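The structure appears below as structure tokens.
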Amino acid sequence: MRRDDLYSAADREQVLAERRDALTKRIEDGSERLAGVQAQREAIEALPRRERGEALSRVDSLESRSRSQLRRLEDQLAEMPVPGDTARREFAIADRVLAERRQLAICAAHIAPPAYITNELGRRPSDPAKRAAWDRGVSEVERYRQQHGVVDRNHALGVEPKQRAELARREAELRRLRQVQRQLGRDLGKVRMRERRRGLGIAR
């Protein structure tokens with residue numbers, strides 16, 4: 001779905017930006033080291049000629065290696081593409097829109113919960129602790145449905161997906177839903193029996 005595409009693109013932008021930042025930091029560190037080597041050279045060159053000898057040779061070698069390494073890093077940076085931020089900005093906007101829609105769905109569920117909510121969580125309880133668990137369950141369900149494009153009006157998590165990664169995410173969401181059902185005092189045996197009779201999308 002569109003959100004997943006945006007997430008992938010935003011993640012690629014972020015990874016590239018982090019790599020570029022890390023390389024820039026290495027170049028800055030290399031420049032500081034080179035400046036230190038040059039300071040050593042100046043200090044050695046200020047010594048009497050008979051005291052320079054091997055020390056000057058060592059600092060020459062170190063400066064040469066430092067310059068070579070710095071050039072390689074600068075070449076890498078020049079070849080690295082500059083990351084944009086379009087996908088990251090679009091993803092942030094999409095997440096805000098989804099969050100707003102999710103909040104609207106939660107508010108609507110308080111007034112008239114849809115079948116896929118009452119099937120799994122029942123009506124909103126009057127007990128404060130159970131009501132908090134119910135609200136959390138509704139939020140979890142709506143988040144999952146939005147992120148995975150579930151439109152089924154009877155099945156909370158939709159039909160079981162074929163792809164392994166999607167199935168694993170659905171299983172994780174199902175475990176969270178079961179935890180909420182336990183907190184609500186729902187009889188999971190009866191819930192599962194009802195699911196099997198109706199062929200609900202979350203039946204296991």
Side-chain angles (χ1 to χ4, degrees), residues 1-18 83-204:
M1 58 183 294
R2 177 60 175 160
R3 183 186 182 280
D4 292 338
D5 294 339
L6 280 174
Y7 175 80
S8 298
D11 186 57
R12 287 193 295 271
E13 283 184 355
Q14 184 64 31
V15 168
L16 181 57
E18 289 174 357
D85 64 352
T86 302
R88 283 177 285 178
R89 286 189 286 106
E90 289 183 0
F91 179 73
I93 292 170
D95 252 12
R96 284 198 297 273
V97 170
L98 287 176
E100 290 170 1
R101 290 179 181 173
R102 185 161 59 250
Q103 191 57 45
L104 287 174
I106 292 169
C107 291
H110 288 176
I111 300 168
Y116 62 82
I117 292 295
T118 56
N119 286 342
E120 309 311 327
L121 303 176
R123 294 284 174 175
R124 193 169 188 247
S126 57
D127 177 83
K130 289 186 176 182
R131 189 164 60 237
W134 190 91
D135 289 348
R136 187 169 62 256
V138 171
S139 180
E140 284 286 345
V141 167
E142 293 299 342
R143 178 190 56 77
Y144 180 89
R145 288 172 68 87
Q146 286 182 354
Q147 289 184 355
H148 300 279
V150 178
V151 295
D152 194 316
R153 301 304 297 174
N154 293 309
H155 304 170
L157 307 185
V159 298
E160 188 170 285
K162 297 289 191 290
Q163 295 181 351
R164 184 173 298 177
E166 288 294 325
L167 182 59
R169 283 191 282 268
R170 188 173 181 278
E171 290 291 340
E173 186 62 34
L174 180 58
R175 286 192 294 273
R176 287 190 286 270
L177 182 58
R178 293 300 189 216
Q179 178 63 31
V180 172
Q181 288 172 334
R182 281 190 288 271
Q183 292 170 344
L184 291 172
R186 304 273 286 173
D187 187 328
L188 296 187
K190 290 181 179 179
V191 169
R192 292 189 180 100
M193 182 65 70
R194 189 173 65 250
E195 289 168 0
R196 283 195 290 272
R197 285 201 303 267
R198 290 194 307 239
L200 283 179
I202 70 167
R204 299 300 308 136

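Positions are given from 1, in the same order as the sequence printed here. The shown structure was predicted, so the numbers you read here are calculated from the model rather than taken from an experiment.
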Determine whether the side chains of Gln179 and Arg176 contain a donor N or O and an acceptor N or O closer than 3.5 Å. no
Determine, for Tyr7 and Arg12, whether the Lys NZ or Arg CZ falls below 6.0 Å from the six-membered ring centre while staying within 45 degrees of the axis. no
Scanning both residues in full, the closest heavy-atom pair of Arg88 with Ala17 reads NH1-CB, 3.9 Å
Verdict with reasoning, Gln146 to Arg101, per side-chain hydrogen bond (donor to acceptor under 3.5 Å, both in side chains): CA-CA 9 Å; Gln146 286 182 354; Arg101 290 179 181 173; over 6 Å; no
Residues Val141 and Ala156: closest non-hydrogen pair is CG1-O, 4.0 Å
With heavy-atom distances below 4.5 Å as the criterion, would you say the side chains of Leu157 and Val150 are in contact? no
Pair Glu142 + Arg102: basic N to acidic O under 4.0 Å: no
Test your reading of the model: is there a side-chain donor-acceptor pair from Arg153 to the backbone of Pro114, 3.5 Å cut-off? no
If we only count heavy atoms from C-beta on, is the Leu104 to Glu100 side-chain gap below 4.5 Å? no
In short, Leu184 meets Ala133 closest at the heavy-atom pair CD2-CB, 4.2 Å
List the residues meeting side-chain hydrogen bond (donor to acceptor under 3.5 Å, both in side chains) with Arg136, not counting sequence neighbours, and say none if there are none. Gln183
Are any non-hydrogen side-chain atoms of Leu177 and Glu140 less than 4.5 angstrom apart? no
How close do Arg186 and Thr118 get, heavy atom to heavy atom, and via which atoms? NH2-O, 3.7 Å
Under the 3.5 angstrom rule, does the side chain of Glu166 hit a backbone N or O of Pro161 as a donor-acceptor pair? no
N/O donor-acceptor pair under 3.5 Å between Gln181 side chain and Glu120 backbone: yes
Any heavy-atom pair between the side chains of Val180 and Val138 that's under 4.5 Å? no
Any side-chain to backbone donor/acceptor pair from Asn119 onto Asn154? Under 3.5 Å, distance only. yes
Heavy-atom check, side chain of Glu173 versus side chain of Arg169, under 4.5 Å: no
Arg143 CZ to Leu98 CG distance, which is reported to the nearest 0.5 Å: 11.5 Å
I need the Tyr144 OH to Ser139 OG distance, nearest 0.5 Å. 15.5 Å
Can you find a heavy atom in the side chain of Asp135 that is under 4.5 Å from one in the side chain of Arg124? yes
The reported gap from CD1 in Ile106 to CD1 in Ile117 (rounded to nearest 0.5 angstrom) is 9.0 Å
Smallest heavy-atom separation, Glu90 atom then Leu6 atom, equals OE1-CD2, 3.2 Å
Looking at every non-hydrogen atom in both residues, tell me the closest pair between Ala109 and Trp134 and how far apart they are. O-CH2, 3.6 Å
